[in-house]
Amino acid sequence: EPEVTQTPSHQVTQMGQEVILRCVPISNHLYFYWYRQILGQKVEFLVSFYNNEISEKSEIFDDQFSVERPDGSNFTLKIRSTKLEDSAMYFCASSLSGDRNQPQHFGDGTRLSIL
Amino acid sequence: SQQGEEDPQALSIQEGENATMNCSYKTSINNLQWYRQNSGRGLVHLILIRSNEREKHSGRLRVTLDTSKKSSSLLITASRAADTASYFCATGGNNRLAFGKGNQVVVIP
């Protein structure tokens, strides 16, 4: 069964550094998403992406964050000038369409640790 | 914004027993979804129930939806050790999903 893959599985970064989290969505999916889960808290929506542009973003997704689809397969989340509170699991997801009744398929996440 | 909230938070059962968990939400919805998360893994979509549906089955899973009470329940019948996981309900619009805090279910062999 096709899967969403994320790399790396664990990323350790010094505070203030930039980090790029990578995702390969399911190949025929058109909508892509990033979520994060701070330890012990809910999974929170960050951003959705379609047709090479952001379609929706949350209040968490400020100027520190950016997303990109640099080629036909990768979908990346960049966090500039990381802060301690950015430490979390970051999940990428994709869906076949933007139909609200289409499930989103998640990767296994990248654990980001900011020191 | 739409938001799922599960209840109870943690459940420990013997293998073979049924596990039931509940979720409530605050605003009108188009659908409600349940996801499972095994330790250290991503979220796996289990089942989606639309707002005009009252009950849905998928294998050993049974989901109910009561839009008048803004609540849903997930029943896992004849539980197995492999069902040990966290279970989340999620509501959402076209793009974003809003997840609850999750139920931790432990199935004891």
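Computed from heavy atoms alone, side chains included, the values below leave out hydrogens, waters and symmetry copies. Chain identifiers are assigned alphabetically (A, B, ...) following the order of the sequence lines, protein sequences preceding nucleic acid strands; residue numbering begins at 1 within each chain.
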Check whether any side-chain N or O of B:R96 sits under 3.5 Å from a backbone N or O of A:K57 as a donor-acceptor pair, and report yes or no.
yes
Indicate yes or no for a side-chain donor-acceptor contact from A:D108 to the backbone of B:R41 under 3.5 Å, with no hydrogens or angles considered.
no
Is the number of heavy atoms from other residues, nucleotides or ligands under 6.0 Å of [X] [atom1] greater than 12?
X	atom1	answer
B:R54	CZ	yes
A:R69	CZ	yes
B:R50	CZ	no
A:N28	CG	yes

Given the rule that I, L, V, M, F, W and Y join up when any side-chain heavy atoms are under 4.5 Å apart, are [X] and [Y] in one cluster?
X	Y	result
A:V4	A:W34	no
B:V105	B:L46	yes
A:I54	A:L77	yes
A:L112	A:V67	yes
A:F91	A:L39	no

Within residues 10-18 of chain A, contacts to chain B at heavy-atom distances under 4.5 Å involve none
Under 4.5 Å, heavy atom to heavy atom: which of residues 43-53 of chain A reach chain B? Give them by number, or say none.
A:V43, A:F45, A:S48
What part of B:L48 lies closer than 4.5 angstrom to a heavy atom of chain A: side chain, backbone, both or neither?
side chain
Is chain B contacted by the side chain of A:S9, its backbone, both, or neither, given a heavy-atom distance below 4.5 Å?
neither
Heavy atoms, side chains only, cut-off 4.5 Å: are A:Y33 and B:L97 in contact?
no
Measure the shortest side-chain to side-chain distance between B:Q37 and A:Q37 over non-hydrogen atoms and say whether it is less than 4.5 angstrom.
yes
Could you state the interatomic distance from CG (B:L43) to NE2 (A:H105), rounded to the nearest 0.5 Å?
12.5 Å
Residues passing the ring pair (Phe, Tyr, Trp, His ring centres under 6.0 Å) test with B:Y35, sequence neighbours excluded, are A:F106, B:H45, B:F99
Could you list the residues that satisfy side-chain hydrogen bond (donor to acceptor under 3.5 Å, both in side chains) with B:N18, not counting sequence neighbours?
none
